[in-house]
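These numbers were taken from a predicted model, which means no experiment stands behind them. Keep in mind that the numbers below use all heavy atoms, side chains included, and drop hydrogens, waters and symmetry copies.
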There are 2 protein chains.
Amino acid sequence: MQSFTEENYLKAIYHLTEQPDQYVQTNAIAERLQTKAASVTDMMKKLADKGLIDYVRYTGAKLTETGYQTAVGIVRKHRLWEVFLVETLNFKWDEVHDVAEELEHINSVLLIERLDEFLGFPRTDPHGDPIPDKHGKFEKRSFIKLSKLTAGSSGTVTGVSEHSTPFLKHLEKLGLTLGARIEVSEVSEFDGSVELVLNNKNINISRDVAKHILINT
Amino acid sequence: MQSFTEENYLKAIYHLTEQPDQYVQTNAIAERLQTKAASVTDMMKKLADKGLIDYVRYTGAKLTETGYQTAVGIVRKHRLWEVFLVETLNFKWDEVHDVAEELEHINSVLLIERLDEFLGFPRTDPHGDPIPDKHGKFEKRSFIKLSKLTAGSSGTVTGVSEHSTPFLKHLEKLGLTLGARIEVSEVSEFDGSVELVLNNKNINISRDVAKHILINT
DNA sequence: AGAATTTTTTAGATTTACCTAAAAAATTTA
DNA sequence: TAAATTTTTTAGGTAAATCTAAAAAATTCT
């Protein structure tokens, strides 16, 4: 059993891992957790001692199999709670993140299995992220960032890579919610902003917004 | 905003308070929280500084209005979560306590209001305890401990004052669940054990068990 | 390759919530 | 009421998670 803090570090490493054998850097973890590099170093030693990460000085940290399973377990809990909040308690998709950050640390296997069952074993959360099953298994979605699409290409919004309230409220206002069909009409050479067609209307979004919208083509 | 630990101290004082103006003793708090008196003294100073309790050295602690509201808020959350676990996720009444102890510290007004609404504004939890409304108001139930009943008196089981799994499983096995009609046939002069009639059957329970069963006559 | 920069670690403090042991106050007993 | 007992507090210390400042290693630049 780990403390909330340890769990948050494991989750941070999990989310920062982009390649299978990558060592995540101390600074990257520090930035994600809004803490200082020195604090991260301390925790890396602790997690390494517990066998949850491989840690190499001046290189970074990588989850061990145990650490990975722990991290995925937390992600599973987070996403199931998000589904619960939206589906059962009528939260909006921009209201769930902070509460789920707390709920994900509740420790009860029975609770999560029953919740999963109650929700009908959902495969994705309100932001389109896949939910690991009880064995930690789940398929990676295939998607492309909207910012990578070129003029003329089209697709469906299947996810977002930023879960903050302001960002999601912005998308909501534009009508860019999960399942929306879009077609890119133009990408600005100047600032990378994207013009697209949604429900027969033209809308314009900044590159920063486009980067966090995940598209299924 | 308080830490989990501070919240647990406030809740302990709340539960240990039997009379309106009573100062709860340091040792009593220590025993309830499975900690040492010295640790309690430290925390009493801290809570007093925060204006959550009145603390008098060598006398004890009493919740201030703010402290009381905080404590009742936690009790409300605890009991609503217990209802959720039993009603929605099909937990048994002996399985909910520990999980609810964790869930009660989740901080979200919206969450609790929506949960309350989803559950249909329940008035009591699975152990018969009343659930405070969002303003912290609730009626005290009137009940008498089964151990205080005399031979010949009868009533209905309306609550329990002990929430541990072994105790509740024991009651379950005997059929002494909420709503059960009982009649006391004999109280032992020797050890205070109670013989009673439940569903036309005679059962015998120890005084220790009887003390934790709450009866409505 | 050597200098400059960035990243990371170490050293030493701080805060929170604990602890033990001893002292002090309150209560009970004789 | 004085002695014995119980309760509570104080003093001093520990572990977890954090911090700042300075040192060390790695990387980038010229």
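Between A:Gln25 and C:dT8 there is a side-chain polar atom (N or O) within less than 4.0 angstrom of OP1 or OP2. At C:dT9, one or more side-chain N or O atoms of A:Thr26 fall inside 4.0 Å of OP1 or OP2 (strictly under the cut-off). Applying the 4.0 Å criterion to OP1 and OP2 of D:dT8, one finds that B:Asn27 has a side-chain N or O inside that range. OP1 and OP2 of D:dT18 both lie 4.0 Å or more from every side-chain N or O belonging to A:Ser39. Distances shown here put every side-chain N or O of A:Arg57 at or beyond 4.0 Å from the OP1 or OP2 atom of D:dA26. Close to D:dT10, at under 4.0 Å from its OP1 or OP2, lies a side-chain N or O of B:Lys45. Dashed line: the shortest gap from a side-chain N or O of B:Lys36 to OP1 or OP2 of C:dC18 is not under 4.0 Å.
Counting any heavy atom pair closer than 4.0 Å across all strands shown, A:Tyr9 reaches sugar-phosphate atoms only and no base atom. In this structure, B:Thr41 reaches the bases: a heavy-atom distance under 4.0 Å links it to at least one base atom across the strands shown.
As a whole-Å value, the separation of B:Ile29 CD1 from D:dT7 P is 14 Å. Taking atom CE on A:Met44 and atom P on D:dT18, their separation rounds to 10 Å, with Å as the unit. A:Glu31 places its CD atom 10 Å from the P atom of C:dT7, with the value rounded to the nearest Å. One atom, CZ of B:Phe4, and another, P of C:dT16, lie 17 Å apart when rounded to the nearest Å. Remark: P of C:dT15 and CE of B:Met43 are 16 Å apart, rounded to the nearest angstrom. Put simply, CG on B:Asp42 is 11 Å from C1' on D:dA11, counting in whole angstrom units. The distance between atom CG of B:Asp49 and atom P of C:dT16, rounded to the nearest whole Å, is 11 Å. At whole-Å resolution of the value, CD in B:Glu6 and P in C:dC18 are 10 Å apart.
Using a cutoff of 4.0 Å between basic side-chain nitrogens and carboxylate oxygens, A:Glu104 and A:Arg79 are not scored as salt-bridged. The pair A:Glu95-A:Lys169 does not count as a salt bridge, with every side-chain nitrogen at least 4.0 angstrom from each carboxylate oxygen. A:Lys211 has no carboxylate O lying under 4.0 Å from a charged side-chain N of A:Glu162, or vice versa, which leaves the two without a salt bridge. Remark: A:Asp133 does not engage A:Arg76 in a salt bridge, criterion side-chain N to carboxylate O under 4.0 Å.
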Assess the residue pair B:Met44 and B:Ile53 against the criterion (side chain to side chain contact (heavy atoms under 4.5 Å, CB included)); give the C-alpha distance rounded to whole Å, side-chain angles, the decisive distance to 0.1 Å, and a yes or no.
CA-CA 8 Å; B:Met44 294 302 98; B:Ile53 60 172; 3.7 Å; yes
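For B:Tyr58 and A:Thr35, each mapped to the nucleotide of DNA chain D holding its nearest heavy atom, the one lying further toward the 5' end belongs to B:Tyr58.
Distances from the side chain of A:Ala38 to the nucleotides D:dT8, D:dT20, C:dC18 place D:dT20 closest.
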